[in-house]
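Labels below follow one simple rule: chain letters A, B, ... track the order of the sequence lines, proteins then strands, and each chain is numbered from 1. Both backbone and side-chain heavy atoms feed into the values below; hydrogens, waters and symmetry mates do not.
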Amino acid sequence: MINFEEELKRFKPSLEVDQTEEAIYSNDLKDISDIVLQMTKDLRGIN
Amino acid sequence: MAVRRKTCLYCGAPVRTNGYCTDCGLNQAFLKKAYNTSDYHYNIGLDKARVRDLSGAIDSLKMSLRYNKRNVNARNLLGLIYYELGETVMALSHWVMSANYQSKGNIAIRYLKEIRNDPKRLEDANQLARMFNQALNYAKQRDFDLAYIQLRKTLSLNPHFVNGYLLLSLLNIEQGRLGKARKALTKVLSIDRTNTMAIHLLKEMGETEEGIMKLRDEKNAEPVSEGDYYGVEQIAEEGKKPARKILGEISFKKNTNTKINRYKEVSMARFSNIYMLVGLVIGVLVLYFLVVPARTRALSRENEELRASYSEELSSKNFTISNLNDTVTELEGRISEYEEQISDLEATVSSLNEQINSLESQIPATPDDASEGGANNDGSEGNSDSQNNDGSSVTTVAEDDLQNMINNE
């Protein structure tokens, strides 16, 4: 049975054009290389 | 024997002989593996995009970017897919990032230029987002009619807006309009063959896997028309599709989508001149046939009354004039009579004067007086006294008596 409220929660508002800048900055720009680098730095810091 | 890179794949700094970067310290073999995996997922995403499995393509491309955020091909394709699904801002953000990573020989720059050169497209995208968000709010408040109106406008603005169709189908399901919901979901599957939400909703509505695959493969998917959004609900048995219209055979090219005409607010402005002219003509006709005759009648009535009063006055004046004329005639008659009388009386007076003269001449004179009289006859007036003194024998008539006699006559 479809629960209207629950299904409705899955919908996210569409971004408007003036929110483009915010969308770019909030985008997670980390890839695996950044994560490994971070881990390496953390390890070096610990050591 | 493997060729050792001289510069780091990540930061571009020189690489040591052991394969580690002198700056970031990352192992080049590791970076190579990551980048290969990124390309692998990109290829999968590309294949999925080619067969319109857009949801699957998005997942694959996102995975590709997790391994290499600088994979401009994956980012460009992801932006393209978002653009196809109607999420223009998401598309723009990915293209901007892609252009930032690689400014030369990047197709994302061409996409951005195209959008920048067409401000209407940006405006439409903005409006679409606003209307969809408004529809979402209405749906949360359970104002279904208002949500329908907003969604109708949204989908006429962009017939590929998948989220709009999904929300529409959800509203239709909530209101028990399963036929319309199925139609909207079929449209979603024609754009994105493996859209998770669409498949989930269809399954909840009781569609089988085979049924879903049939819907997905439907080439002659009917466009979702205006009348489907509300109003006419085709009477159909529960679980069965409503009867289709009998249409001629329509051939579609592979992977083309049916287009919905752009929603246009019927502009009354272009007919305003005609409406004005028609209104003027009607006004003139009303004036001519209704207002003018009444006015004319009133004026003619006034004229008649005026004429009557003037003729009455005229006749009374004429009567007075005729009376006066009669009076004048009468008076003229009297005047002539009096003139005659006067002339008669004058004649009488003259005759009497003659008589007097003759009588006076017959008065005998005394001897003394006669001699003196003869001497004085030349001009004396005192003779009468001497005559009177002696004239006991002569009867003299005084002048006054004479005059009285004449008047009595």
Side-chain angles (χ1 to χ4, degrees), chain A, chain B residues 9-11 24-27 30-31 33-35 37-38 64-71 86-94 96-97 100 122-123 125-137 139-140 142 154 161 163-164 166-167 170-171 173-175 181 196-197 200-201 204-205:
Chain A
M1 192 60 198
I2 296 172
N3 186 341
F4 178 73
E5 306 295 339
E6 288 298 320
E7 297 295 334
L8 204 58
K9 283 178 189 171
R10 292 190 189 186
F11 286 92
K12 287 184 178 52
S14 248
L15 293 174
E16 295 180 29
V17 174
D18 48 0
Q19 292 171 311
T20 311
E21 197 180 333
E22 196 185 313
I24 293 168
Y25 284 123
S26 66
N27 208 314
D28 185 14
L29 290 172
K30 278 190 179 168
D31 60 4
I32 197 161
S33 311
D34 296 324
I35 294 167
V36 168
L37 202 64
Q38 188 66 39
M39 282 169 63
T40 315
K41 281 180 183 173
D42 291 342
L43 281 169
R44 281 182 193 164
I46 291 167
N47 291 338
Chain B
L9 282 168
Y10 185 75
C11 59
C24 60
L26 286 170
N27 188 347
F30 161 77
L31 284 171
K33 182 92 177 148
Y35 287 11
T37 311
S38 173
S64 169
L65 291 173
R66 282 201 193 102
Y67 282 97
N68 179 13
K69 67 182 180 186
R70 293 196 182 103
N71 192 338
E87 298 286 349
T88 310
V89 171
M90 293 294 290
L92 283 172
S93 63
H94 282 289
V96 164
M97 284 189 280
N100 214 27
L122 267 178
E123 183 53 41
N126 212 20
Q127 217 173 337
L128 184 137
R130 258 189 233 136
M131 286 193 286
F132 175 75
N133 295 340
Q134 189 70 41
L136 198 56
N137 285 334
K140 284 175 183 169
R142 299 192 81 88
T154 309
F161 188 45
N163 273 342
L166 289 171
L167 183 60
L170 187 64
L171 294 175
I173 291 168
E174 178 64 10
Q175 295 207 291
T196 321
M197 189 178 257
H200 165 67
L201 290 173
E204 291 291 336
M205 279 161 60

[Y] and [X], any side-chain heavy atoms less than 4.5 Å apart:
{"X": "A/Asp34", "Y": "B/Lys69", "result": "yes"}
{"X": "A/Leu15", "Y": "B/Met90", "result": "yes"}
{"X": "B/Ile173", "Y": "A/Glu7", "result": "no"}

Chain A contact via [X] - side chain, backbone, both or neither, heavy atoms under 4.5 Å:
{"X": "B/Phe132", "answer": "side chain"}
{"X": "B/Asn126", "answer": "both"}
{"X": "B/Leu170", "answer": "both"}
{"X": "B/Arg130", "answer": "both"}

Residues A/Leu8, B/Leu136; criterion side-chain contact (heavy atoms from CB on, under 4.5 Å); working and verdict: CA-CA 8 Å; A/Leu8 204 58; B/Leu136 198 56; 4.2 Å; yes
Closest contact, heavy atoms only, B/Ala34 versus A/Ile32: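 That closest heavy-atom pairing would be CB-CG2, 3.8 Å.
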Closest-packed option against chain A by number of heavy-atom pairs under 4.5 Å, given B/Ala125, B/Gly86, B/Cys24: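 Most pairs with chain A among the choices: B/Cys24.
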Pick from B/Asn68, B/Thr37, B/Leu65 with the largest number of heavy-atom pairs that fall under 4.5 Å of chain A: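 Highest number of heavy-atom pairs under 4.5 Å: B/Asn68.
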Which portion of A/Lys9 sits near chain B, non-hydrogen atoms under 4.5 angstrom: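 Contact with chain B: none, neither part.
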Interchain contact, A/Glu5 with chain B, by part (heavy-atom threshold 4.5 Å):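 For A/Glu5, side-chain heavy atoms alone lie under 4.5 Å from chain B.
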